[in-house]
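Nothing here was measured: the structure is a model prediction, and the numbers come from that model.
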Amino acid sequence: MSSENTDILIDVESLDTLAGDKDSQFQNAKLILGSVWGALALSLLCFVSYQFGFFRKELDELLTMLGVIWGGYLFLLLIVVTGVNKRFPDKSLATPVVFWSLATILWVSYYLDQLRLAVMMLYFTTMVIGAFRYKLKDFIVSSSIAIVGYLLVILALLKNHPEIIDLITEIVQWTMFSLLTIGFVFMSGEIANIRDRMREGNKDLNKALTKISELAIIDELTGLYNRRYAMKILEHQKGMADRKAYDFCICFFDLDLFKSINDNYGHQVGDLVLKKFSELMQGRIDDIDYCSRFGGEEFVLILVKKNIEAAKEIANDIRQIVQDTNFGEIKEGLEVTVSVGVSEFVSNEEIEQCLIRADEALYEAKDSGRNQVKHK
């Protein structure tokens with residue numbers, strides 16, 4: 001089996017990685033856009049508060065604040081769009097998004113009087129964002145900062161604007177916010193645990209699917225392609241050859257007197273011989289060629305971009321390598337040879353016709369005394 005086989009095999013892992021990367025970047029962008037809804041609600045609340053005289057800033061100052069707030073979100077989104085976030089450990093930028101949202105909420109809450117608790121409740125929208133990325137300790141840290149930050153806002157107002165603050169009311173509201181936040185932390189932590197368990201389950205499922213996919217195309221004993229997948233490869237090569245892209249040849253290998261090896265030495269030794277032969281064959285071919293086990297002791301080698309003379313030379317090299325290999329390392333006194341039939345694909349013929357010619361050449365090699373290469 002080839003190590004590359006770039007003309008038919010698609011590097012599925014690379015494609016999955018690429019697709020996963022694009023999907024991940026899309027999800028990261030959605031995460032930031034989701035937080036924008038909270039920023040939109042915050043902006044509307046600020047404008048409504050300004051209209052009713054609850055906001056202790058002039059309009060130009062309010063617009064400046066909102067410009068800074070929106071500028072921060074656009075900056076975070078730009079980092080994702082340009083791919084700069086890929087350089088960071090946390091590519092989702094969940095922590096910067098959460099802490100920027102929290103900072104803007106605390107900033108605005110300092111200037112809103114009667115609606116301060118309503119502003120602080122927007123923090124729970126950031127908690128929802130964190131639920132897709134955060135672990136329990138992350139929720140505890142961010143929520144602790146929110147609770148302490150809210151308390152510091154109250155203390156700052158008490159120091160700078162004592163005339164506009166009802167301390168008892170603020171403490172009651174702060175206590176309610178703290179209790180709700182703590183409850184939300186535990187609930188979000190459980191959501192994060194469920195998310196992590198699902199992620200691990202998906203990893204196990206993907207591993208199982210990958211193994212199933214491999215078993216569908218790989219011969220378990222030798223590690224070569226199996227017969228079914230070899231036929232798909234041949235159909236692809238036929239299409240290329242019919243379009244005059246290039247030629248290819250088929251080599252049919254059959255280990256001589258293999259039944260006697262199983263009878264005399266046992267099937268375990270026979271399996272080791274098959275594996276050893278597979279290694280020897282793979283060691284002689286190019287990266288664009290294909291090795292497959294057709295069944296039992298029969299193997300098919302698909303030689304891409306090679307004419308009949310080149311195919312005969314490669315087949316004979318493999319035959320000679322097998323003859324010269326010391327199989328006595330597997331079992332003392334064991335000798336192995338192989339017979340080979342070679343055929344070149346003729347444009348627009350059926351694959352079966354080319355296989356039949358190679359098979360006929362193989363039988364001719366066996367009838368002529370084995371351990372030789374014939375072609376048709």
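- Taking hydrophobic clusters as Ile, Leu, Val, Met, Phe, Trp and Tyr residues chained together by side-chain heavy-atom distances below 4.5 Å, F99 shares a cluster with V68.
- When side chains are defined from C-beta on, L355 counts as touching I250, because their heavy atoms get closer than 4.5 Å.
- Side-chain polar atoms of Y123 and S143 form a donor-acceptor pair below 3.5 angstrom.
- Ring planes of F54 and F52: parallel class, angle under 30° (limits at 30 and 60°).
- Cation-pi geometry between K305 and Y246 is satisfied (NZ or CZ under 6.0 Å from the ring centre, within 45° of the ring normal).
- Hydrophobic clustering keeps L179 apart from F184 (ILVMFWY residues linked when any side-chain heavy atoms are closer than 4.5 Å, directly or through intermediates).
- With rounding to the nearest 0.5 Å, the separation of CE in M121 from CD1 in I105 is 11.0 Å.
- Applying the ring-ring contact (aromatic ring centres under 6.0 Å, His included) test to F177 and every residue at least two apart in sequence or in another chain returns F124, Y150.
- Here the CG-CE distance, from L180 to M120, works out to 11.5 Å after rounding to the nearest 0.5 Å.
- Side-chain contact between L234 and I302 is present, with heavy atoms from C-beta onward closer than 4.5 Å.
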**OP:** I would like to know whether E220 and R293 meet salt bridge (charged side-chain N to carboxylate O under 4.0 Å, His left out); could you show each step before the answer?
**Re:** CA-CA 10 Å; E220 189 173 6; R293 183 186 180 194; over 6 Å; no
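- Within the 4.5 Å cutoff, side-chain heavy atoms of E235 are placed close to those of I351.
- F258 and L221 fall within a single hydrophobic cluster, where Ile, Leu, Val, Met, Phe, Trp and Tyr side chains are chained together by heavy-atom contacts under 4.5 Å.
- Hydrophobic clustering of Ile, Leu, Val, Met, Phe, Trp and Tyr side chains at less than 4.5 Å, counting indirect connections, keeps L112 apart from V172.
- The salt bridge (charged side-chain N to carboxylate O under 4.0 Å, His left out) test applied to E61 returns K57, not counting sequence neighbours.
- By the side-chain hydrogen bond (donor to acceptor under 3.5 Å, both in side chains) test, R370 is found to be paired with no residue, residues two or more places apart in sequence or in another chain being considered.
- Of the N and O atoms on the side chains of Y111 and S49, not one donor lies less than 3.5 Å from an acceptor on the other residue.
- The ring-ring contact (aromatic ring centres under 6.0 Å, His included) test applied to F294 returns F252, not counting sequence neighbours.
- Between atom CG of residue L362 and atom NZ of residue K376 there is a gap of 11.0 Å, rounded to the nearest 0.5 Å.
- Side-chain N/O atoms of S339 and D254 include no donor and acceptor closer than 3.5 Å.
- The closest donor-acceptor contact from the side chain of R116 to the backbone of Q173 lies at 3.5 Å or more, if one exists at all.
- Other residues, nucleotides and ligands contribute at most 12 non-hydrogen atoms within 6.0 Å of the NZ atom of K276.
- Looking at T82, its side chain does come within 3.5 Å of a backbone N or O of I79 through a donor-acceptor pair.
- Atom CG of L257 is separated from atom OG1 of T337 by 6.5 Å, given to the nearest 0.5 angstrom.
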Subject >> Pair F277-M281, side-chain contact (heavy atoms from CB on, under 4.5 Å): steps then yes or no >> reply: CA-CA 6 Å; F277 172 74; M281 182 165 57; 3.9 Å; yes
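- Residues C251 and F299 fail the side-chain proximity criterion, which asks for heavy atoms closer than 4.5 Å.
- You'll find the side chain of I69 reaches within 4.5 Å of the side chain of Y73, heavy atoms only.
- The side-chain hydrogen bond (donor to acceptor under 3.5 Å, both in side chains) test applied to S347 returns K244, not counting sequence neighbours.
- For the atom pair CD (E163) and CG (L157), the distance works out to 9.5 Å, reported to the nearest 0.5 Å.
- Residue F186 places its CZ atom among 12 or fewer non-hydrogen atoms of other residues, nucleotides or ligands, all under 6.0 Å distant.
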**OP:** Please report the C-alpha distance between L117 and M176 in whole Å, then the side-chain angles of each, then the deciding distance to 0.1 Å, and finally whether the side-chain contact (heavy atoms from CB on, under 4.5 Å) criterion is met.
**Re:** CA-CA 9 Å; L117 179 60; M176 183 176 69; 3.1 Å; yes
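- Rounding to the nearest 0.5 Å gives a distance of 7.5 Å between CG of L102 and OG of S142.
- Between the side chain of S343 and the backbone N or O of C354 there is at least one donor-acceptor pair closer than 3.5 Å.
- Heavy-atom minimum distance, E349 versus E344: OE2-O, 4.1 Å.
- Between L167 and I154 there is a side-chain heavy-atom pair separated by less than 4.5 Å.
- The environment of K366 atom NZ is dense: over 12 non-hydrogen atoms of other residues, nucleotides or ligands sit within 6.0 angstrom.
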Please tabulate, for the side chains in residues 321-329, all donor-acceptor contacts under 3.5 angstrom to protein atoms that are two or more places apart in sequence or on a different chain.
{"unit_1": "Q323", "atom_1": "OE1", "unit_2": "R319", "atom_2": "NH1", "d": "3.1"}
{"unit_1": "Q323", "atom_1": "OE1", "unit_2": "N371", "atom_2": "ND2", "d": "2.6"}
{"unit_1": "D324", "atom_1": "OD1", "unit_2": "Q320", "atom_2": "NE2", "d": "3.1"}
{"unit_1": "D324", "atom_1": "OD2", "unit_2": "Q320", "atom_2": "NE2", "d": "3.2"}
{"unit_1": "T325", "atom_1": "OG1", "unit_2": "I321", "atom_2": "O", "d": "2.6"}
{"unit_1": "N326", "atom_1": "OD1", "unit_2": "G328", "atom_2": "N", "d": "3.0"}

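- Smallest separation of non-hydrogen atoms from P96 and L76: CB-CD2, 3.9 Å.
- Within the 4.5 Å cutoff, side-chain heavy atoms of L40 are placed close to those of W70.
- Taking R284 as the reference, D317 meet the salt bridge (charged side-chain N to carboxylate O under 4.0 Å, His left out) condition, with sequence neighbours excluded.
- Partners of K374 by side-chain hydrogen bond (donor to acceptor under 3.5 Å, both in side chains), not counting sequence neighbours: none found.
- The two atoms that bring S43 and L66 nearest to each other are OG-CD2, 3.7 Å, heavy atoms only.
- The cluster map of Ile, Leu, Val, Met, Phe, Trp and Tyr, joined by side-chain heavy atoms under 4.5 Å apart, puts V346 and L303 in different clusters.
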**OP:** Quick one: do Y290 and Q237 satisfy side-chain contact (heavy atoms from CB on, under 4.5 Å)? Show the steps, please.
**Re:** CA-CA 11 Å; Y290 303 87; Q237 298 304 321; 3.7 Å; yes
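- Proximity of I147 to I182: side-chain heavy atoms (C-beta onward) are separated by under 4.5 Å at one or more points.
- Among pairs with a residue in residues 338-360, those fulfilling ring-ring contact (aromatic ring centres under 6.0 Å, His included) read F248-F345, at least two apart in sequence or across chains.
- In this view, D271 satisfies the salt bridge (charged side-chain N to carboxylate O under 4.0 Å, His left out) rule with no residue, not counting sequence neighbours.
- Side chains of Y229 and D219: no donor on one and acceptor on the other come within 3.5 Å.
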**OP:** List the steps and the verdict of salt bridge (charged side-chain N to carboxylate O under 4.0 Å, His left out) for E309 and K312.
**Re:** CA-CA 5 Å; E309 295 303 321; K312 285 163 51 182; 3.6 Å; yes
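- Checked against side-chain hydrogen bond (donor to acceptor under 3.5 Å, both in side chains), K306 has the following partners two or more places apart in sequence or in another chain: D286, D289.
- Residues passing the salt bridge (charged side-chain N to carboxylate O under 4.0 Å, His left out) test with E352: none are found, sequence neighbours excluded.
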